Protein chains: 2
Amino acid sequence: MNTRVRGQNLTYSIANHIGIAIVTGVYSAGNPIPIEAELCREYDASRPVLREAVKMLTAKGLLGARPRRGTWVQPEDKWNLLDPDVLGWLLERKFSPTLLIEFTEMRLAVEPGAATLAASVAGPEEKAAISHAIERMQAADRGDDDPLDSDIAFHVAVLRASRNRFYAQLTGFTSTALRFSIRMTNRYKGVRLASVADHKKVADAIIAGKASAAGEAMRRLIQEALELIRKREAQSATRRVSAVSGHR
Amino acid sequence: MNTRVRGQNLTYSIANHIGIAIVTGVYSAGNPIPIEAELCREYDASRPVLREAVKMLTAKGLLGARPRRGTWVQPEDKWNLLDPDVLGWLLERKFSPTLLIEFTEMRLAVEPGAATLAASVAGPEEKAAISHAIERMQAADRGDDDPLDSDIAFHVAVLRASRNRFYAQLTGFTSTALRFSIRMTNRYKGVRLASVADHKKVADAIIAGKASAAGEAMRRLIQEALELIRKREAQSATRRVSAVSGHR
DNA sequence: TGGCTCAAAGTTATATGATAATATATTGAA
DNA sequence: TTCAATATATTATCATATAACTTTGAGCCA
């Protein structure tokens with residue numbers, strides 16, 4: 001192979017490469033990671049650098065290593081899917097509609113939860129951030145801002161407004177999910193999965209301190225997006241099938 | 001300091017030590033991580049070992065490093081709180097009722113979501129696992145099984161039954177959360193935060209395929225636990241205040 | 001012939017020391 | 001006073017050597 005990776009930081013580049021190789025199945029249980037010495041040759045790097053990269057990946061649950069047994073890919077259920085890097089690798093290189101549906105299903109639970117909390121605890125600055133995101137979305141509809149960025153900003157603002165560290169932790173996750181959701185579906189429809197008006201309902205409820213209304217509005221918002229995604233997936237699955245049968 | 005750490009694996013032990021030191025605030029933005037050379041002296045280890053440990057921690061978002069700038073602790077919002085190690089360090093060494101409330105708030109959204117999904121997609125084996133966990137809880141009430149383990153087994157079984165990788169990913173998170181929830185509250189009450197009967201309602205709804213009923217039952221279950229935890233926290237806060245004022 | 005013990009080999013773990021890259025601070029000049 | 005160049009401290013990378021630890025297999029004994 002001899003894939004000399006270059007970037008500002010060799011260790012991170014190699015960790016990235018191997019990480020991607022793992023999630024795309026280049027390395028797997030059936031096709032195990034080569035031993036250190038061979039990896040050094042493949043990536044043309046010294047052993048310490050390679051070991052540091054491998055340690056980063058073991059910290060993310062992708063790899064395991066033991067003396068004499070070598071280095072191996074962990075079973076998929078040990079991967080830290082909520083780690084932004086791991087999720088990024090998975091989406092960037094091995095995107096699948098199933099994955100998109102799975103994390104939209106998760107957003108369907110998480111974001112209403114965050115919105116409910118936000119309505120009871122958000123302070124003035126956090127509410128201002130939410131309002132500002134809505135204004136940006138409206139501006140985007142007039143062509144004065146980026147539709148994707150403003151949409152993401154809104155969801156991130158709500159997560160932060162929950163004043164719950166675990167929800168706040170999911171901002172990276174949600175940004176990524178949203179970016180890919182839209183990238184996948186905007187070929188068929190406008191760039192939004194839901195209207196600005198629907199987003200504004202959520203914002204208004206949070207700012208008014210109406211907890212259950214905020215949660216419910218957010219739930220409807222994501223439910224709508226999820227159904228749209230499921231429908232598109234069903235359609236393209238049908239298309240794939242008819243394309244295959246058409247060849248016969 | 002010279003804290004020679006010994007264990008079967010030096011690198012992991014050191015990563016653990018430093019990880020705990022970070023989350024407990026021994027190292028912080030104000031009191032930065034010493035330079036590599038000093039860390040080597042403190043932990044009596046070679047530079048490669050130390051660098052590998054540091055790389056594991058940067059992979060978990062706890063540290064950052066740049067040439068000439070040294071190694072520093074990342075702001076807390078960059079920590080991967082959903083990483084099982086990070087969460088474990090935080091709970092094991094710096095437990096706080098606030099943290100307990102925060103992740104119970106998150107469970108309040110996540111687990112009903114998982115239960116809802118599970119009701120529509122769980123297969124026979126997954127339903128059997130849920131039933132089995134309920135049986136174990138009943139056995140525990142008769143003294144024939146462990147109350148804590150059986151309780152955890154139930155929640156884990158539901159998450160897995162959702163057939164959603166992101167929910168499944170949260171099993172470690174939930175086990176930890178539950179273990180600490182109970183450890184914190186069982187001094188005051190029986191070991192359960194909610195009755196076996198309430199758990200069984202969730203299980204029955206999932207097995208019957210009643211999605212919204214399953215979600216709602218699970219929501220009630222955790223809502224109950226959350227209120228109990230909040231009440232206990234308010235009480236002990238009062239106790240702390242009166243103890244302090246009593247001393248004056 | 002089967003099982004147990006022990007030894008050897010292969011692989012990761014740890015150590016040492018040296019060189020390169022880089023960002024910051026300092027110093028000097030404009 | 002400001003900007004640029006240079007010095008310096010720190011991480012990044014490299015090369016190599018030794019240790020520790022399983023796994024495997026061979027040999028021996030029952």
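Computed over heavy atoms, backbone and side chain alike; hydrogens, waters and symmetry mates excluded. The structure presented is a predicted model; accordingly, all values stated were derived computationally and were not measured.
For DNA chain C, the residues of residues 67-74 of chain A within the heavy-atom distance limit of 4.0 Å (strictly under) are A:Pro67, A:Arg68, A:Gly70, A:Thr71, sorted by number. Of the residues in residues 51-62 of chain B, those lying under 4.0 Å from DNA chain D by heavy-atom distance are B:Arg51, B:Lys55.
Partners of A:Arg136 according to the salt bridge (charged side-chain N to carboxylate O under 4.0 Å, His left out) rule, which considers only residues two or more places apart in sequence or in another chain, are A:Asp145. Applying the side-chain hydrogen bond (donor to acceptor under 3.5 Å, both in side chains) criterion to A:Lys55, with sequence neighbours excluded, gives B:Glu52. Qualifying side chain to side chain contact (heavy atoms under 4.5 Å, CB included) partners for A:Pro75, counting only residues two or more places apart in sequence or in other chains: A:Asp77, A:Lys78. Listed by chain and number, the residues in a side-chain hydrogen bond (donor to acceptor under 3.5 Å, both in side chains) with A:Trp79 amount to none (sequence neighbours excluded). When the side-chain hydrogen bond (donor to acceptor under 3.5 Å, both in side chains) test is applied to B:Gln74, no partner is found at least two apart in sequence or on another chain. Evaluation of the side chain to side chain contact (heavy atoms under 4.5 Å, CB included) rule for A:Thr176 yields A:Leu87, A:Leu91, A:Phe180 as partners, not counting sequence neighbours. Residues satisfying the side chain to side chain contact (heavy atoms under 4.5 Å, CB included) test with B:Glu38, not counting sequence neighbours, are B:Pro34, B:Ile35, B:Arg41, B:Glu42. Partners of A:Thr174 under the side chain to side chain contact (heavy atoms under 4.5 Å, CB included) rule, at least two apart in sequence or in another chain, are A:Arg107, A:Glu111, A:His155, A:Leu159, A:Leu170.
Comparing C:dT11, D:dA12, C:dT14 by their nearest atom to the side chain of A:Arg47 picks out C:dT14. With distances taken from any side-chain atom of A:Val49 to the nucleotides C:dA15, C:dA13, D:dT13, the minimum falls on D:dT13. For A:Ala65, the side-chain atoms get nearest to C:dA13 when compared with the rest of D:dC14, C:dT16, C:dA13.
The two residues A:Leu100 and A:Ser181 make their nearest non-hydrogen contact at CD1-OG, 3.2 Å.
Per the geometry, OH belonging to A:Tyr12 stands 10 Å off C1' belonging to D:dT11, to the nearest Å. For the pair A:Ile35 CD1 and D:dT22 C1', the computed distance is 15 Å after rounding to whole Å. For the pair B:Arg66 CZ and D:dA9 C1', the computed distance is 16 Å after rounding to whole Å. Going from atom CD1 of B:Ile33 over to atom C1' of D:dT10 covers 15 Å, rounded to whole Å. In this structure, B:Leu50 places its CG atom 15 Å from P of D:dT10, rounding to the nearest Å. Straight-line distance from the CG atom of B:Leu39 to the C1' atom of C:dT14: 17 Å, rounded to whole Å. Distance, B:Ile14 CD1 to C:dA13 C1': 12 Å, rounded to whole Å. Rounded to whole angstrom, the span from the CD atom of B:Glu38 across to the C1' atom of D:dA9 amounts to 14 Å.
A residue-by-residue look at B:Pro48 and B:Glu36 shows that B:Glu36 has its nearest nucleotide of DNA chain D further toward the 5' end.
Atoms CE and CG, from B:Met56 and B:Asn16 in turn, are 8.5 Å apart once rounded to the nearest 0.5 Å.
OP1 or OP2 of D:dT13 has at least one side-chain nitrogen or oxygen of A:Asn9 nearer than 4.0 Å.
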(request) Show the numbers, then the answer: is there a side chain to side chain contact (heavy atoms under 4.5 Å, CB included) between A:Thr104 and A:Ile222? (result) CA-CA 8 Å; A:Thr104 307; A:Ile222 299 176; 4.2 Å; yes
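For residues 61-73 of chain A, the set of pairs meeting the side-chain hydrogen bond (donor to acceptor under 3.5 Å, both in side chains) definition, not counting sequence neighbours, is empty.
The C1' atoms of five pairs define one axis at each end of the helix from C:dT1-D:dA30 to C:dA30-D:dT1, and these two axes lie 10° apart (to 10°).
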